[in-house]
Undergrad: 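Quick one: this structure, given as structure tokens, is what I'll be asking you about.
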Amino acid sequence: MILQIISLGRLHPLLVHLPIGILVLAFLMELYFRKKDSETENNIIIFTLAIAALSSVLSVASGWLLGENGGYDETLLFRHRWMAVGLAIGSVLLYFIKKYPKTWSKNMYLPLFICVMALLGLTGHYGGSMTHGEDYLYKNEKAKKVVITDVDNALVFNDIIMPILDDKCVSCHNPNKVKGGLIMTSKEQLLLGGESGSLLVAKKGEDPRLIHHIKLPMEDDDHMPPKGKVQLTNQEIQLLEWWIGHENCFDCVAGTLDKTEKINTILNSLEEDTTTRALIAKKVAMVPEDWLAAININGPMVTKLAENNPLLIANLSGNKSLEKKDLKALKEYAENIVELNLGNSNFNDTISSYLNSFKNLTKLQLQNTKITDKSMEVIGDLEHLESLNIYGTDITDLGLEKLTALKGLKTLYPWNSMITKEALDSFSSKHINVNVVSISEDLFTPSSLDAPSIIADTDFFKDSIEVTLDYFFKGVDLYYTLDGSEPDTTSTRYNAPIVLTASTLLKAVSHKPGWELSPVKTVSFKKSNILPNSITLSNKPNEKYKGNGGNTLIDLKRGSSNFVDGNWIGYEGSSFAATLKLQKEELISTVSVGAFSSPEKWIFYPKGFKVWVSQDGQNFKLVHTENLPTEKPNSDTKFQFFDLNIPPTKSTYVKVEVISQLKNPSWHPNPGGKSWLFVDEIVLN
Amino acid sequence: MLAKPISNYFNHSLNGLYTLLVFIPVWISFSCNSGVQTSETAANNEMNGRVPDKIDFTFHVKPILSDRCFKCHGPDKNAIEGGLSLNTAEDAYMALGKKKDHYAIVPGDVEKSELVNRIYTTDESLMMPPPESNLTLTKYEKEILKKWIDQGAEYKEHWAFIAPKKPIVPKTINANWAQNEIDQFVLAQLEQNGLQPSEKATKEKLLRRVFFDLTGLPPSVEQINNFINNDSPTAYEETIDSLLNTMDYAEHMSAEWMDIARYADTHGYQDDFERIMWPWRDWVIHAFKQNMPYDQFVTYQLAGDLMPNANAEQILATGFNRNHKITFEGGVIPEEYRIEYVEDRTVTFGTAFLGLTFECARCHDHKYDPISQKNHFELFSFFNNIDELGLTPGGAGKIPKPYMTITEKEKNGVLSFVQLQKSAMKEVPVMIMNEMEEIRPSYILNRGVYDQPTTQVYPNTPESILPFPEEYPKNRLGLAKWLFHEDNPLTARVTVNRFWQRMFGTGLVASSFDFGNQGSLPTHPELLDFLAIKLKEEGWDSRKILKYMALSATYQQSTKISKELQELDPENRLLARAPRLRLTAELIRDQALKISGLLNTEVGGPSVKPYQPAGIWEATTGGGGGSTATYITSTGKDLYRKSLYTFWKRTVPPPSMMTFDAASRDLCTVKRQETNTPLQALVLLNDPQIIEASRLIAKNAIDRNKEINDQIKYIFKLATSRSPDEEELSMLNNYYNSMLQKVDEEGIDPKDYLSIGDYEIDSSYSKNQLAALALTAHTILNLDETITRG
Amino acid sequence: MSEKKIIEERSLILNRRSFLGKTALGVGGVALASLLGANLFRKDENGLLTKDDSLEGVKGILNSLHHPAKVKRVIYLFQSGGPSQLELFDYKPLLNKRRGEDLPESIRNGQRLTGMTAGQDKFPLVGSLHNFSQHGKNGTYISDILPYTAKMVDELCIIKSMYTEAINHDPAVTFFQTGSQQPGRPSIGSWLSYGLGSENENLPAFTVLLSRGTGRPNGQPLYTRLWGNGFLHSLHQGVQFRAAKDPVLYLNDPKGITKEVKREMLDNLAALNDKHYQDSGDPEIKSRIAQYEMAYRMQTSVPNVMDTANEPDYIYEMYGPEAKIPGTYAANCLLARRLAEQDVRFIQLYHMGWDQHDNLPGAIAKQAKDVDQASAALVADLKQRGLLEDTLVIWGGEFGRTNYSQGLLTDTNYGRDHHPRSFTIWMAGGGIKPGIVYGETDDFGYNIVKDPVHVHDFQATMLHLLGIDHEKLTYKYQGRRFRLTDVEGHIVKDILT
């Protein structure tokens, strides 16, 4: 029975709204119909007052029962209760006065009605204070809300936990309405706990009471918040558990506490974006997918910032046939566009007036376009603009001044525009929040000269070859020699391509007044007018460096320092001989052998050479022997052509033996190890 | 021992099939206008949004459970969340929770089934699949699961693990169309969908199709004309017979096997030195030429060395197991890589023969299929017993042991098919399998990591497929026997499905590499079983089964797609038409060589190096050197060998072939991608091989025909196997004339254009005419129709 | 040895280019536009993305980003071979003090060794022969062999705490680029192309540039699979831009014909193909027509972007003398900037030759000279153009090098073996905190003592910056959903702005 009564009490929140609405209605009708004294209207008001009186009585009755239930601030309850009683009586009186008008009472009627209305306001207020908290009405929503922009710096209790409690618990557990003896509005009160004990400290193996109640099944009478109230979300429960798990630390900062991946995700979701873009996003509507699809029919141009995000990025860069209609096409959702890239397009002052539709732009790229100061007028009106790129435009100091209006501007790219350095400096000093991007001019100024580039089609030629020298920036003179001597400023100065008609060692340097002379660049050009028909090798090169076999030596391709490039053949710990068969009998005076040395890699120049000639390929005559000195200790990587001058002989076959060192010299880190011999080309002249 | 479970499977299987037979017509009556119904699409086709009246576990429920639930509630016992596995009925019906008071599934009781609550709840802490899994269920799928539980939550064995049983060949309304049983199965399903098969393809199309499918080459103009003029009812069959006996057939079959066997001419990791495996390739060609039965073909490759009195041929065949990548990178830890090699052999075995993804069970029990980590390493142990090194000392030219050496002696004996004379070497070493005397113990490797062995395991096969018979030897030979055991549910299906894929572009099971829970379901399950049994019964005869497929009316349909069919069945699952297939990388080049007369038809021997843009190998080469450091283009006739013989450098494969979706040969591949990209257009427009072929085609056309129209017709027919119609002819003719004019106006330098490629044409031809016609041929070689087998 | 005849080549390109313009588009251009409208995206029943159709190259599989992106593109300057962090960024004076002493076992702590030093019985510590000095606002230590990088230090976020699982080149590079040590998975660029598509329909979304270092010209090889598409559609493979005459394989028209002749061929081809489409009804033919048009457009756009002749002298001054020589790292950096300007999504450079097992001091100085000025110039150049704001630049290799000498330690010479446990990379650009050093190694430069960053973390962070949730960009293949970060990866939040 008792239980039923209590549950009748629970009807109170439902019932109270009836007399409120009806009394107000009756009052308004009374005011409205005052001048007319018609029977019909009067009856309507009487009926309305009857209902009002009845519902106020019922409200009082149910409220009384609910109040017995306890857990409310005594003072508030007292005031609310007795005012409500007054209100109920007042309503009943009003009904009777209206229904059975007496002259004495007629005069009382309106003042009483005004009193009842006042009572109604007060009763409602006290009632509201009990359920929603005393400061409910006066509280400034904005001030109350905690805004977290960087969750790592957020205070776990103040910024994360308390708002949850405020939202879901405090309406019943505040100093005015102390359900279960529990108040949850402050640290101290929370630690104090409620009637049934501590809220946060748990027995071993059990959830703390706070969590326990939340996790009880909804049907359980002890489930919190009670059925019907707004429940905690799963995320909120997890946050509470996490906080309690860290000994319900009241002063901790979120970034310092351990957290699982899940908690991390939840915490991140609490971060509120207060950037300009986020604020714009709140103001504009979502863009329909079909509009996007239609606009992008010829390739992607407008993209959403992200899924479920109304903001757009439009990229029209590089479009050299941009017209007004291209911007008009975007007009429908121009306010959604926060980023517009028109860089390297034919965008110009005539089209620029259309920019004013894009009033929410935060980033605008106009680099390398034809706009001038004229357009800056429009740009100065883009109040949200944060980043502006005008590099490579004709904008001048005048245009720069127009930007003064842009309060939110953060980054400006003025490189290679017509704005003077002075103007930029003065702009920077006035607008310290704007990052005027530039790189220091002397950052990449070369501090030394490099050797010139020697450019030619090939290193080998039959009759003649044209060679070009080049340097990568201007104001540098190039000097060269063709006789193998070291070039300097007294050597030939380069001014036109050099034509070589004989094998030449070309050396060149760069020079600039006041600078040190560059290192020397050397390239060897080989004339080769005797082409062998075929070649045979006495023994096979090593499997790793076999190139295209013997043909590697007569393919007129030089090897590189990457000695596995296939243009070298290599022998490990052995010498070799190559026999070249000519197309026809030729007069031969030099045999040149291209070789490689890189002691680090166990590769050395040959120890010597032997050259034979033959008419028939059977009988060979030794015509030249040459021994080279052993290499001095070094670790350089180098190439060389060894020219072997033999007595001019007519022959059809030439055999060259290239003699290997066989072993690393004594100065080598691995003395006695099998050394390598690398040859890329044998050229006859 | 085996009889019992198998009879169970059998019952299940029949049930399944009956359900299906009953269900399809019912279903069709609702939905024949809204889309195609095959058993597979029925399960996934959510577009029509209608939940079927009778839910079938295999076709409706299993795909959902497997894809969305098994990750945490599947066969992997170690990954099970909340103690629930939905893998078997037994596990799924089990009581859960500390108090054993709730159930994921209570058959017939939706209310009590927690599964239903969990998939419908909006409470993120309870929701299944959980939000962080990034998996979700659609409304349709939830309905399916709910209804399935409502109808009793019946579980069925995975279809592919139940041995196939000869199905009843269905009757069809149309009694005239079918040529053989294939057609009856196909037609029955078409009729259920209210569809008609397509008309028969034209004779020239059909000839082109069967030529490409069986030999990988187009028919010549003479062959086309002869066939068109031959009215004999057996003409088609005779053609098939003659094609199956050609060397081209053997080479074409071998080309597919190279993908499966991940054949390459280099070792495949850093430095990527050359290896010699081509004698093994010669054997594969030989085996196909001899029409070696598939069971024997596979047994030789898996375990030839273990066969009684194994001869050199049987041993050479085991090279199959050594085609994997092998590292020569100086600093590696040898055992780490040796394990990788054994893994590769294991995984290849699974993919190629069983259609299962064994690599998934390396680190943990398989998430989707009943293959445990233990199963994985038991299978692994079969392949773990050769005397190999993780890292072979030395560099280029070293052949990792074990290997056999083929010399003149073997060449004159049982290995007569090895083209030893083509090699510069007198003796060639080929990697093979050779069982060690002492068994190397195998272990379950924790997380699959080489240095974390746990429990020792012994050779065995997954019991869920078929338990390993006691009497079989516990080695690779036993494994091969198991593979071809009468009751093995997978081998024949997987094999015949791949043959089907050859002939129809897509297998009856589209995922020819995966017959497991996550794989596709068969579009025609009974047909698949019928063919599998036929293959077995007819002695695993590849030629016979291919011929049988080629003779079906299904195969002989036209490829034409009506708008209606395109909408109803864009993927051609019902086979109401023949598929249009883009030629493979190999075939595009081979066709150009063939029709230009450049093709060198020599068989076998070492790989060759046709045209390739300069500098590709060189740009990436490192310090190891060797023959793979630089690309030295072959010369003379070697330039024009079939693409099967193109040298395959695994780390830098031939770019033009990769552009056309060739497999990289890093791993066993049973199905290639089919893409359509701008880079393909660039290859066909600018590859010197295509341009050289165009020039030769033009020359041949001029040699054979006087009139320009006839020349163009001739070229068109060579390339597409049909004559151009009036409109096409006039378009090409105009083009030719325009090109002639361009030569005059110097828009074309005929000398330059005609000098592309090594092959020299004598100078008696008019350069202008030849260039204009070559450009016309060049255009025709680029036609979509030319690179397609229609 | 002598440079190619670059100047002549340039004028050829200019001639070729003069023929082209948007008006040249033929029948196929229209076809493309109509095709793009229809059915571009396919998601599976989950809303997860699976199927990868032939036209999806232009637009990625992600209809829109998971969250707003900080960067739109990535330039990844991959230093192949494993640059020594101890000579470049991670200043460890203790190693100079204790030079020659054996590495304490307590520090090595069972770390596995490569086969190259596994046989060594001593691990003599060795400090850098190259000096370090402090630079930038925070006095960050940078080696003297990186003078230009040092000048840009306030733009960089230097991560000293990278670590990986692989100890050898092939698996380690493959791991960085594909998320798995064993080959077969798609590379980063392919994932991005698949997910985001191309911003520029005339250029591939994923381009690759190679150069060879001078420090060890015959160092570690590369493999084309590093820019392979794995199991994704081959539209997503990296397209190598080469210094050769054919900048993209098969790009150049055959000799002897002009662009007009080519155009006529394509128009004729499109008409014939279209006719065949009418007869056979296969939509694949339409797609092929579109791909031919795309190929044609690439033939213009690629030479245009490769043609650096119009770059002013001061740009060459910035990037250094080698920028004029095609195929060098410097020239590639300049190209990278040009590609970035064209909105190419992922620009992957590889510079080979960092594998200094021996002769390290000399070789690394040469390598550093190869890359120092151009890398710094790239960052600066992007910055002045406003591109750095939405571009991510990454500089780093596949692992680091040991703090002990491999082989003989002499007064002037030593080598270092591979070291996966700690190494340094740097990043710069949008969303990255500039001018910070993240992570720390111990005084021996051996173990990470603060803020470790795993390869998968690095990958997850990169995707995050691009607006992608690394757990959500997946592809279902052979029954499993694959992603770049496999099953791991955490975003390194502390380096983000």
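Please read all numbers here as calculations on a predicted model, not as lab measurements. These numbers come from the heavy atoms of this one structure, side chains and all, not from hydrogens, waters or symmetry mates.
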Undergrad: Is it the side chain or the backbone of B:T779 that comes within 4.5 Å of chain C heavy atoms, both, or neither?
TA: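 Looking at B:T779, backbone and side chain both touch chain C.
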Undergrad: With a 3.5 Å cut-off and no angle check, do the side chains of C:T258 and B:K742 form a donor-acceptor pair?
TA: no
Undergrad: Start with the C-alpha distance between B:D67 and C:K476, add both sets of side-chain angles, then the distance that settles salt bridge (charged side-chain N to carboxylate O under 4.0 Å, His left out), and finish with yes or no.
TA: CA-CA 10 Å; B:D67 197 46; C:K476 192 170 155 187; 2.9 Å; yes
Undergrad: Decide, yes or no, whether a salt bridge links C:K275 with B:D725 under the criterion of side-chain N to carboxylate O below 4.0 Å.
TA: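 Salt bridge present between C:K275 and B:D725.
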Undergrad: Just by distance, with hydrogens left out, do B:S738 and C:E264 show a side-chain donor and acceptor under 3.5 Å apart?
TA: yes
Undergrad: Please test C:Y250 against B:L684 for side-chain contact (heavy atoms from CB on, under 4.5 Å), starting from the C-alpha separation and ending with a verdict.
TA: CA-CA 9 Å; C:Y250 302 106; B:L684 287 175; over 6 Å; no
Undergrad: Decide yes or no for B:L679 and C:V239: does some side-chain heavy atom of the first lie under 4.5 Å from some side-chain heavy atom of the second?
TA: yes
Undergrad: Regarding C:Y292 and B:Q680, is there a side-chain donor-to-acceptor distance under 3.5 Å anywhere?
TA: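 No, because no side-chain N or O of C:Y292 sits under 3.5 Å from a partner of the opposite role on B:Q680.
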Undergrad: Strictly by modelled atom types, are B:T677 and C:S234 linked by a side-chain donor-acceptor pair under 3.5 Å?
TA: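 Side-chain D/A pair, B:T677 to C:S234: absent.
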Undergrad: Can you tell which of B:T621, B:D271, B:D272 makes a side chain to side chain contact (heavy atoms under 4.5 Å, CB included) with C:P221?
TA: B:D271
Undergrad: What part of B:S656 lies closer than 4.5 angstrom to a heavy atom of chain C: side chain, backbone, both or neither?
TA: both
Undergrad: Given that the side chain runs from C-beta out, which part of B:Q673 has a heavy atom under 4.5 Å from chain C: side chain, backbone, both or neither?
TA: side chain
Undergrad: Quick one: list whatever passes ring pair (Phe, Tyr, Trp, His ring centres under 6.0 Å) with B:F513, sequence neighbours left out.
TA: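 For B:F513 there are no ring pair (Phe, Tyr, Trp, His ring centres under 6.0 Å) partners, ignoring immediate neighbours.
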Undergrad: Using a strict 4.0 Å threshold on nitrogen-to-oxygen distance, state whether C:R225 and B:D666 make a salt bridge.
TA: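 B:D666 and C:R225: salt-bridged.
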Undergrad: Can you say whether C:D355 sits under 4.5 Å from chain B via the side chain, the backbone, both, or neither, judging by heavy atoms?
TA: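 Answer is neither: C:D355 stays 4.5 Å or more from chain B.
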Undergrad: Name the region of C:L272, side chain, backbone, both or neither, that has any atom closer than 4.5 Å to a heavy atom of chain B.
TA: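 Both backbone and side chain of C:L272 come within 4.5 Å of chain B.
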Undergrad: Does any backbone or side-chain atom of C:R112 lie under 4.5 Å from a heavy atom of chain B? Answer side chain, backbone, both or neither.
TA: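 Contact with chain B involves the side chain of C:R112 alone.
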Undergrad: Output yes when a side-chain donor or acceptor of C:N268 lies under 3.5 Å from a complementary backbone atom of B:Y735, and no otherwise.
TA: no
Undergrad: Near B:K71 NZ, under 6.0 Å, is it more than 12 heavy atoms from other residues, nucleotides or ligands?
TA: no
Undergrad: Keeping B:N134 on the side-chain end and C:E471 on the backbone end, is there a donor-acceptor pair under 3.5 Å?
TA: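 Yes: the side chain of B:N134 pairs with the backbone of C:E471.
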Undergrad: At a 4.5 Å cut-off on heavy atoms, which part of B:I748 comes close to chain C: side chain, backbone, both, or neither?
TA: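 Both the backbone and the side chain of B:I748 come within 4.5 Å of chain C.
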Undergrad: Charged N to carboxylate O under 4.0 angstrom, C:R212 versus B:E618?
TA: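 B:E618 and C:R212: not salt-bridged.
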